[in-house]
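Single-structure report; data block below.
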Amino acid sequence: MAITKVWIEEGCIVCNACEAECPDVFHVTEESCHIKGDSRKDGRESENRDEKAELKADLQSSLEASIVAAAAACPVEVIKYDQVASADAPGSAEPAAAPAVIASPAPVAVAPEGAPTAAPAVDADIENAVDAALGTTGNTAAPVPAPSAAPRPVAAATPPDPPAANPAKPRVTKVWIEDGCIVCNACEADSPEVFHVTETTCMIKPGVRLDGKESENRVEKNGLKPEDGERLITSIITASKGCPVDVIKYEVLGDAPVVEAKPHDAAEVAAGPFVLDYKAAPNRQVVMPKTVPLPSLHTYQEEQKAAVAADGAKWAKQQADFETAKAKALAEGKDAPKPPVRAVPKKNENDMEFPAPSEAKDPDLLHLTDLLDGKVSQAFEQSGELILQVHPDGLIETLMFCKGDASLRYEMLVDQTATHYPAAEGFAFSVVYQLISISRHKRLRVRVLVKEGQDLESAVEIYPSANWMEREIYDMFGIRFTGHPDMTRILCPEDWEGHPLRKEYPTLGWGQRDIDFREDRSGVLMRMALEKAGNMGINLKVPKAD
Amino acid sequence: MFKTEEMEINLGPQHPSTHGVLRVKLHLDGETVVRCVPMIGYLHRGVEKICENKTFFQGQVWTDRTDYVASVSNNLGWAEGVEKLFGITVPRRAHYIRTMLTELNRITSHLLWLGTHALDIGAMTVFLYAFREREEILSIFEAFCGARLTTTAFRIGGLREDIPPGLEKQVRAFQARFLDCIEEYETLLTENRIWKKRTIGVALLNAEDAIALGVTGPVLRAAGSTYDIRKVFPYAAYAEMDFDVPTQTAGDTYARYLVRLEEMRQAHRIVNQCLDGLPEGPVMAKLPKVLKSEVNEVYHAIEAPKGELGYYFVGEKGGVNPYRMHIRAPSFINLQALPKMVEGRLLADVIAAIGTLDVVLGEVDR
């Protein structure tokens, strides 16, 4: 095994990683990385991209390991090299078959014939590596050698079929922390050599990094030192799997061992990271309505009947009581008690009379009830308004009749809104459409009852003014309208949580803080207590030492 | 030779011509508006949710803050909506005083519109004249209820107090010179060539589109419709008033200007009639101490200066709060017509269109 040529492709970011890995070959200038003249047969220093000059014969095998490591460490993967199986005669015996261009750590372009035979040896090596790693970290996870074809969760690619007799042990080339660390310390417990958890995030320690800096390594993706990457592979993977928010990412060169996440302390897992639960604050309690105030002629009549029946029952009981009392008085020889007087309903002395619902007499309501045979749930009049409740299936048909029928001509949809009825059975919302007929000077209210999660058909096709009103209903209640051109929020921001006009939505905003005055940061309460104590002749002040 | 490209720019949310916090996303081809998307919600305070958690008396305070240049109209809509929900009969004298104050409020709203709209288009002078008269009306409000803008002028069932002594004189003094003031505005604008050039044929909206988009108020009447709730579904004392509904047929910015000026004259007429025919009697209905609603649902609409202002109430049995309250805000619905008015027209006309719609963002976002 030897490396005959090494060159730098375009795109070097001058990160110095290769020079740290292999100072004999690489020299990083201000613009790019060069292959040193001392190491080359032609003695020139350049990127060696076009001329592809060979390395000096004595360096070809001695520097092989460090060049491979440098190529692996290159964050932009511009270091390429020709590797041949035989060290002594580069390009002499079988120049055509021997060089395999390694675009590490990407898969190899040319599959060498010797690969299958080498595979078992590699597996054995992995086992050794895992054992070694387990030994160093004291991990309890049971390692299982991974089948080489199995896709790794995070590794950039399946490792290349190892070239003949390149039994490089699997190692982590890079590890970095994505955005979203919750500073839970789990990774530091798993792999204290690599991770360092600060107050705000998790850092990759300088000791294991090529550039010797401490950072999250998210942007620069600096490589790990090869020996540390090899030694700490298991613990890094364990830490990555154990991360509750999955922000630890890594790249593996070679087959990564399968590691099971270390079970953390059960209580710790159950409690999770500390998050202030705004929604559980005591002042966010909502009193849910218990009644369903949906005006309807039918329920009004039922209530009236029940009230009359209750009144009659009360009167009957009063009379029965009187009869028994009278019989008892007669038996005892006393005077008979006074007969009961039926209570007269209290006279209304206020300028206020409840506008009771009445039967539909308006020709519009009767006409619509005829037209929409069976789709009208109820039609009645109340407070001088016409109310037509229809089945959701017949809604669009109703609106089309209202607008198009020659004897109706409701030209304008003037308002559309909804009401939330959480206590109702069989429906959750009522949606009302206020129509006016400008030519006939009439108003009509069409009402539909909607179940939770049920979509209504949009009225935009018939009445274009429904556009923003339906968006507002969606924003405020979460009722969606099918066929609407732009079913988005309108008043709240697009990432708003919840629908504010539903009854379960609290009147205090999400994230509004409940101020606890018991904390007494300014010392006001303490001062008041001292003053009060002073008034009562009690000295609460701590005496100062003279 | 030149590369053409459609450009997207934001007008607002902090643009001096938007009278509040309105953002209009414009797609421009040169100076021509290709697409216009109004983005609203910057002033959303959840008035409907708040009012559901306030009693019927407390909720009226919040209506002052929706359309804050026409708060008396909002108070009237709220009070009459609640009265309709409960079936309360209001004394006739209270109706007359309410009508008078609401018409004075219409004048202040139109004066503010006139001043700022002209200012946007470049006619600076009329702004000062308009605000001079507006101040006078605000002083009348102050004399009546103690507040200039957030009036909470009425109570459910009538008025808290009868009009104070001296108010009638104050109103009559204003009435005596207001018609001349309108003449003054007209000399500044009506035959002004620059004003006509900036308004005639600008931000067109015909009656058919206006009705389809739910547009009401002066914008609809400037397109030819005679729909005015004061005439069609009379409320307060309007059934007893003699006034005309001014209309125009052009449907452009100039027509809306003429309609609103004429509406001020008609408001002036109505105020005079209210003062002359003010009946004697109580100003408050007899009501129980606590208003507890029955199960009922009403929609009450009035003709606010901007258009149809509707209050939708749902009452719960024994409830002291409305179970549900919804405001049909005329500015919100009228703003829907903005894309229709400006698409295909010039960018400078967007400013005129926002002004001529007379939207108040506090009412759009509620």
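Each chain gets a letter, A, B and so on, in the order the sequences are listed, and its residues count up from 1. Quick note: numbers below take in every heavy atom, side chains included, and nothing from hydrogens, waters or symmetry partners.
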Requested in this report: Would you verify whether the NZ or CZ of A:K503 falls within 45 degrees of the ring axis of B:Y323 while also being under 6.0 Å from that six-membered ring's centre?
Outcome: yes

Taking the six-membered ring of B:Y299, is the NZ or CZ of A:R445 close enough (under 6.0 Å from the centre) and on axis enough (within 45°)?
no

Answer key: most heavy-atom pairs under 4.5 Å with chain A among B:E48, B:H44, B:R324 is B:R324

If you tally heavy-atom pairs under 4.5 Å between each of B:D365, B:V298, B:T216, B:I333 and chain A, the highest tally belongs to B:V298

Turns out that what part of A:K403 lies under 4.5 Å from chain B's heavy atoms comes down to neither

Okay, A:F354 and chain B: the region with an atom under 4.5 Å from a heavy atom over there is both

Please answer whether the main-chain N or O of [Y] pairs with a side-chain N or O of [X] as donor and acceptor at a distance below 3.5 Å.
{"X": "B:K317", "Y": "A:V292", "value": "no"}
{"X": "B:K286", "Y": "A:M352", "value": "no"}
{"X": "A:D351", "Y": "B:A285", "value": "no"}

Taking the side chain as every heavy atom from C-beta outward, state whether [X] and [Y] have any atom pair closer than 4.5 Å.
{"X": "A:I436", "Y": "B:E308", "answer": "yes"}
{"X": "A:Y421", "Y": "B:V314", "answer": "yes"}
{"X": "A:E472", "Y": "B:F332", "answer": "yes"}

So, B:N296 and A:Q382: side-chain donor and acceptor under 3.5 Å apart, yes or no? yes

B:R328 side chain to A:T417 side chain, donor-acceptor N/O pair below 3.5 angstrom: no

Max heavy-atom pairs within cutoff under 4.5 Å with chain B, candidates A:R443, A:H441, A:Q434, goes to A:R443

Note: vs chain B, highest number of non-hydrogen pairs under 4.5 angstrom among A:P357, A:S383, A:S296, A:A356 is A:S383

Closest non-hydrogen atoms of B:G214 and A:S465, given as atom of the first, atom of the second and distance, are N-CB, 3.5 Å

Whatever's closer than 4.5 Å to a heavy atom in chain A on B:E52 counts as side chain

Bottom line for B:I229: the part with an atom under 4.5 Å from chain A's heavy atoms is side chain

